[in-house]
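The first residue in the sequence is number 1, and the count goes up from there. When a ligand or atom number is given, it counts from 1 through the structure's own listing order.
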Amino acid sequence: MTGKQKLLIIIGIVALICWTIFWRYDYIKDPATKKGGDLYKTVVQRGYIIVGVKTDTKPFGFIDESGKNAGFDVDIAHYIAKEILHDPEKVKFVAVKDTDRFVLLNNCKVDMVIATMTITPKRQIFADFSNAYYITGQSLLVNNGSKIRSLGDLSNKNVGVIYGSTAEDTIKFLLPTAHVLGYRSYEDAYKALKNGTVLGITSDDAILRVYSLKDSSVKLLPKHYSRDSYGIAFRRGGESDYLLDVVNNVISDMDNRGVFIQLRHKWDLDS
Ligand code: GLU
């Protein structure tokens with residue numbers, strides 16, 4: 001064996017040792033985040049669930065005045081923790097954006113994502129979804145007095161979407177002539193509407209409605225351009241199967257006990 005070959009073997013062994021130590025450290029640091037195995041058991045052993053939620057999307061996931069995660073999706077996470085771990089507070093929240101929901105899930109940074117996530121056939125390739133827990137549809141928010149009355153009026157005009165949302169795909173499909181401008185957050189898109197950069201924002205009715213309720217200078221057009229069923233996303237590959245079954249049971253219990261009706265009322269989602 002030449003000296004060069006010996007050196008390569010030594011480098012290989014050192015790299016293997018480093019990788020093993022790093023992997024173990026990552027696992028010990030946050031034992032939630034391990035691929036393979038049974039995620040339900042991991043969650044029970046760990047003693048809390050790690051859930052990806054929105055922090056800028058009222059009334060589903062946002063940060064309240066006291067700095068805590070709050071909203072419809074956040075309440076669902078607390079309910080799941082109560083059912084699985086007998087304590088609604090046994091949840092660690094991780095902030096997600098529309099663009100990184102799958103990245104954080106598939107990089108094992110979260111156990112599940114409860115983040116206004118529409119179940120679509122394309123997304124079902126990358127994640128497993130729970131049964132639907134909320135139904136909405138894509139609509140259009142415009143300034144009051146605007147000449148825009150429907151999506152069709154936005155041909156060759158600027159319209160705002162949130163990067164990575166289903167609305168981004170839908171408008172590009174329904175109206176390829178629209179100039180679609182992507183924003184990282186609803187606040188940024190809303191500012192663009194107010195300062196005239198875009199003539200409308202298109203997204204889920206349930207999310208945009210908050211803006212029309214708090215600001216009488218904007219209005220939500222009544223037409224829906226899609227049917228969006230929100231589901232909880234899990235990593236594919238078998239590890240989440242049992243946890244997903246458990247969560248589906250929790251969702252049916254919540255439905256049967258009228259909890260979703262209470263939550264819709266609490267978060268003003270029925271008006
Ligand atoms: N429901 C849409 C989606 O999953 C929009 C969600 C959002 O922007 O918060 O892409």
Report the part of Asp204 (side chain from C-beta onward, or backbone N, CA, C, O) that has a heavy atom under 4.0 Å from ligand 1; answer both or neither where that applies.
-> side chain

State, with a plain yes or no, whether a side-chain heavy atom of Asp205 is found less than 4.5 Å away from one of His224.
-> yes

With a 4.0 Å cut-off on heavy atoms, does Gln138 reach ligand 1?
-> no

Between Lys97 and ligand 1, which part of the residue brings a heavy atom under 4.0 Å of the ligand: side chain, backbone, both or neither?
-> neither

Ligand 1 to Ile207, heavy atom cutoff 4.0 Å, flagged ligand atoms 7 (C), 9 (O)

Tell me, do Val246 and Tyr40 make a side-chain contact under 4.5 Å, heavy atoms counted?
-> yes

Any N/O of Ser165 closer than 3.5 Å to an N/O of ligand 1?
-> no

What residue and heavy atom of the protein are closest to atom 8 (O) of ligand 1, and at what distance?
-> Tyr186 OH, 2.4 Å

If you count the non-hydrogen atoms of other residues, nucleotides and ligands that lie under 6.0 Å from NZ in Lys219, is the total more than 12?
-> yes

Tell me which part of Arg101 gets within contact of ligand 1: side chain, backbone, both or neither, using heavy atoms under 4.0 Å.
-> side chain

Taking only heavy atoms of Lys54, which atoms of ligand 1 are found under 4.0 Å from at least one of them?
-> 7 (C), 8 (O), 9 (O)

Could you name the option among Thr170, Thr116, Thr136 that has the heavy atom nearest to atom 6 (C) of ligand 1?
-> Thr116

Salt-bridge contact Asp75-Lys266 (side-chain N to carboxylate O under 4.0 Å) = yes

Does a salt bridge link Lys172 with Glu168, judged by any charged N lying under 4.0 Å from a carboxylate O?
-> yes

Derivation and outcome, side chain to side chain contact (heavy atoms under 4.5 Å, CB included), residues Tyr211 and Tyr186 = CA-CA 10 Å; Tyr211 293 92; Tyr186 281 95; 3.3 Å; yes

Would you mind reporting whether Lys122 and Asp169 have side-chain heavy atoms less than 4.5 Å apart?
-> yes

Is it the side chain (CB and beyond), the backbone, both or neither of Asp98 that lies under 4.0 Å from ligand 1, heavy atoms counted?
-> side chain

Numbering the atoms of ligand 1 from 1, which are under 4.0 Å from a heavy atom of Met117?
-> 4 (O)

Should you measure from each heavy atom of Tyr230, which atoms of ligand 1 turn up under 4.0 Å away?
-> 1 (N)

For atom 4 (O) of ligand 1, which protein heavy atom lies nearest, and how many Å away is it?
-> Arg123 NH1, 2.8 Å

NZ/Lys58: more than 12 non-hydrogen atoms of other groups inside 6.0 Å | no

Using heavy atoms and a threshold below 4.0 Å, how should the contact between Phe60 and ligand 1 be classified: side chain, backbone, both, or neither?
-> neither

Test: Asp253 and Arg257 ion pair at under 4.0 Å = yes

